[in-house]
Amino acid sequence: VKAAADYETALVGVVKTTGLAGRELAAFEAEMSGFVKTFAISKGELLGLAEAAGQLGVETKDLAKFTKIMAEMGVATDVVGAEGAKSIARLLAVTGEGISEADRFTSALVALGNSAKASEGEIMHMATMVGQATSIFGVSGADVLGISTAMKELGLRAESSGSSVGRAMIAVNTAIESGGASAAAM
């Protein structure tokens, strides 16, 4: 009974944040049922991921795909649940890439987490700070992840690293714009 109530509550959250209704909602529910069979995750947890995605403006056409990607992340990494979904969606928004790049972005994140001395969660925490500091320069999500991984492996703290990267990018940009000796030095 509790599981059914939790499911209904989670479904109401998805409806509220996404606007899904009628046939679209039924199709989405059916797709989520298929995911439950594939992943070790409850329908309620899946719907929680979908609700978080809806809160962040993930379009209904991308909702099932993003929810599936985040379910996979929850199985394979320490970037889990609604908070993990929010951090990835926000970073993709900051870099201007959008949810359509979530699959490529999360694949890069997992590859870096597997090869670095940092977990995916640690890299994402650093990437959130670096992404905010570099957003005006059009730095891609993959580049943000690479910079963040390198900084994390050096043992740098996320809070100071983001502002340091931002200041360095501003200095380079200023030198390039001013030209002359400053640009040549860069």
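Here the structure is a predicted model, which means the values were calculated and not measured.
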Ignoring hydrogens and angles, tell me if any N or O in the side chain of S160 forms a donor-acceptor pair with the backbone of L156 under 3.5 Å. no
Between V144 and A127, what is the shortest heavy-atom contact and its length? CG1-O, 3.5 Å
Tell me if a side-chain donor or acceptor on E153 pairs with a main-chain N or O of A150 at a distance below 3.5 Å. no
Side-chain touch V165/F137, heavy atoms, less than 4.5 angstrom: no
Heavy atoms of A82 and L49 approach each other most closely as N-CD2, 3.7 Å
Side-chain heavy atoms under 4.5 angstrom apart, residues restricted to Ile, Leu, Val, Met, Phe, Trp, Tyr: same cluster for L56 and M70? no
Stepwise, does the side chain to side chain contact (heavy atoms under 4.5 Å, CB included) test hold for E29 with Y7? CA-CA 11 Å; E29 281 187 274; Y7 173 77; 2.4 Å; yes
Is it the case that one hydrophobic cluster holds both V130 and L154, taking links as side-chain heavy atoms less than 4.5 Å apart, direct or via other members? yes
Any L63 side-chain heavy atom under 4.5 Å of E59 side chain: no
For the pair T18 (side chain) and T60 (backbone), establish whether a donor and an acceptor sit closer than 3.5 Å, ignoring hydrogens and angles. no
Going by salt bridge (charged side-chain N to carboxylate O under 4.0 Å, His left out), name the residues that satisfy it together with R90, two or more places apart in sequence or in a different chain. none
Mind listing the closest non-hydrogen atom pair of A50 and F28 along with its distance? CB-CZ, 3.5 Å
When rounded to the nearest 0.5 angstrom, what distance separates OG1 in T149 from CD1 in I123? 3.5 Å
Path from V94 to I136 over hydrophobic side-chain contacts below 4.5 Å: no
Is any side-chain heavy atom of L109 closer than 4.5 Å to a side-chain heavy atom of T77? no
Closest heavy-atom contact between A158 and M126? CA-SD, 3.4 Å
Which distance, rounded to the nearest 0.5 Å, do you find between the CG of L145 and the CG of L91? 6.5 Å
Roughly how far apart are K68 NZ and I41 CD1, rounded to 0.5 Å? 12.5 Å
Sub-4.5 Å side-chain heavy-atom contact between M151 and I147: yes
Output yes when a side-chain donor or acceptor of D78 lies under 3.5 Å from a complementary backbone atom of G121, and no otherwise. yes
Has the side chain of E97 got a donor or acceptor atom that lies under 3.5 Å from a matching backbone atom of G141? yes
E120 side chain vs V79 backbone, donor-acceptor pair below 3.5 Å: no
Rounded to the nearest 0.5 angstrom, the OG-CD1 distance for S107 and I69 is 8.0 Å
Spacing of I99 atom CD1 and F66 atom CZ [to the nearest 0.5 Å]: 4.5 Å
In one Ile/Leu/Val/Met/Phe/Trp/Tyr side-chain cluster, 4.5 Å: I88, V80: no
Just so I know, are the side chains of V110 and M73 near enough to count as touching, which here means a heavy-atom distance under 4.5 Å? yes
Point-to-point distance, once rounded to the nearest 0.5 Å, from OG of S87 to NE2 of H125: 10.5 Å
Considering residues at least two apart in sequence or located in another chain, which fulfil the salt bridge (charged side-chain N to carboxylate O under 4.0 Å, His left out) criterion with E45? none
Taking every non-hydrogen atom, the tightest pair across K86 and Q55: CE-OE1, 3.3 Å
How close do S140 and T95 get, heavy atom to heavy atom, and via which atoms? C-CG2, 4.1 Å
Go through the steps for S33 and K43 under the test side chain to side chain contact (heavy atoms under 4.5 Å, CB included), then give the verdict. CA-CA 7 Å; S33 293; K43 280 186 184 178; 3.0 Å; yes
